[in-house]
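Report on the structure given below.
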Amino acid sequence: MKTPEPSKENPSAPNSAKFIGTDNPRHLRAIAALLRRPMPRENLDTEAGCSNGPELIAELRRRGLEVPCHRINFVDRDGFICRPGVYLLTDADRRKLHQWMAMRQQKGGA
């Protein structure tokens with residue numbers, strides 16, 4: 001069996017110095033929520049109106065944001081220790097988003 005050739009896609013977007021932007025309503029709701037505060041996946045799903053927050057975050061990462069997921073120590077309702085992830089914007093993400101929003105507003109976007 002032959003191994004598939006590596007993807008020829010340009011992987012520069014995740015490490016991009018610039019956020020390429022979005023018009024996707026779910027992306028916009030997720031961005032607005034994360035600009036307010038860090039949040040776990042379940043809260044992000046509710047805020048963005050989706051059921052697959054990790055894929056939504058992956059889409060934002062492909063557009064040039066970092067959006068790291070930090071693990072926190074937590075005790076669930078049954079008393080078990082768990083380590084849920086909390087998504088947050090880095091300072092660089094915030095700068096990218098503010099620049100993108102300013103440019104979007106100058107062009108007459110929403």
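Predicted model, so just to flag it, every value in this text is computed and none were measured.
Residue pairs meeting the salt bridge (Lys or Arg N to Asp or Glu O under 4.0 Å) criterion with at least one partner in residues 33-48, sequence neighbours excluded, are R36-E47, R41-D45.
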Let me see the working for Q99 and R94 under side-chain contact (heavy atoms from CB on, under 4.5 Å), right down to the final yes or no. CA-CA 8 Å; Q99 289 170 354; R94 290 177 178 281; over 6 Å; no
Show, in sequence, the C-alpha distance, side-chain angles and deciding distance for W100 and T22, and conclude whether the side-chain contact (heavy atoms from CB on, under 4.5 Å) test is met. CA-CA 10 Å; W100 169 71; T22 184; 4.3 Å; yes
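Looking at N24, its side chain does come within 3.5 Å of a backbone N or O of R26 through a donor-acceptor pair. For K96 (side chain) and G64 (main-chain N/O), a donor-acceptor pair under 3.5 Å exists by modelled atom type. Side chain of R63 to main chain of G21: a donor-acceptor pair is present (N/O by atom type, distance under 3.5 Å, no hydrogens or angles).
Annotation: side chain of L65 is not in contact with side chain of T90 (no heavy-atom distance under 4.5 Å). Between L88 and L34, the closest side-chain pair of non-hydrogen atoms is not below 4.5 Å. For the pair D93 and F19, the minimum side-chain heavy-atom distance is 4.5 Å or more.
With sequence neighbours left out, the side chain to side chain contact (heavy atoms under 4.5 Å, CB included) criterion links E59 to H27, E55, L56, R62.
By the rule that hydrophobic residues join a cluster once side-chain heavy atoms approach within less than 4.5 Å of another member, L35 and V86 end up as members of separate clusters.
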With a 3.5 Å cut-off and sequence neighbours excluded, list the donor-acceptor pairs that the side chains of residues 67-74 form with protein atoms.
from: R71; atom 1: NH1; to: R83; atom 2: O; distance (Å): 2.8
from: N73; atom 1: OD1; to: R83; atom 2: NH1; distance (Å): 2.9

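Comment: D23 engages R104 in a salt bridge, judged by a side-chain N to carboxylate O separation of less than 4.0 angstrom.
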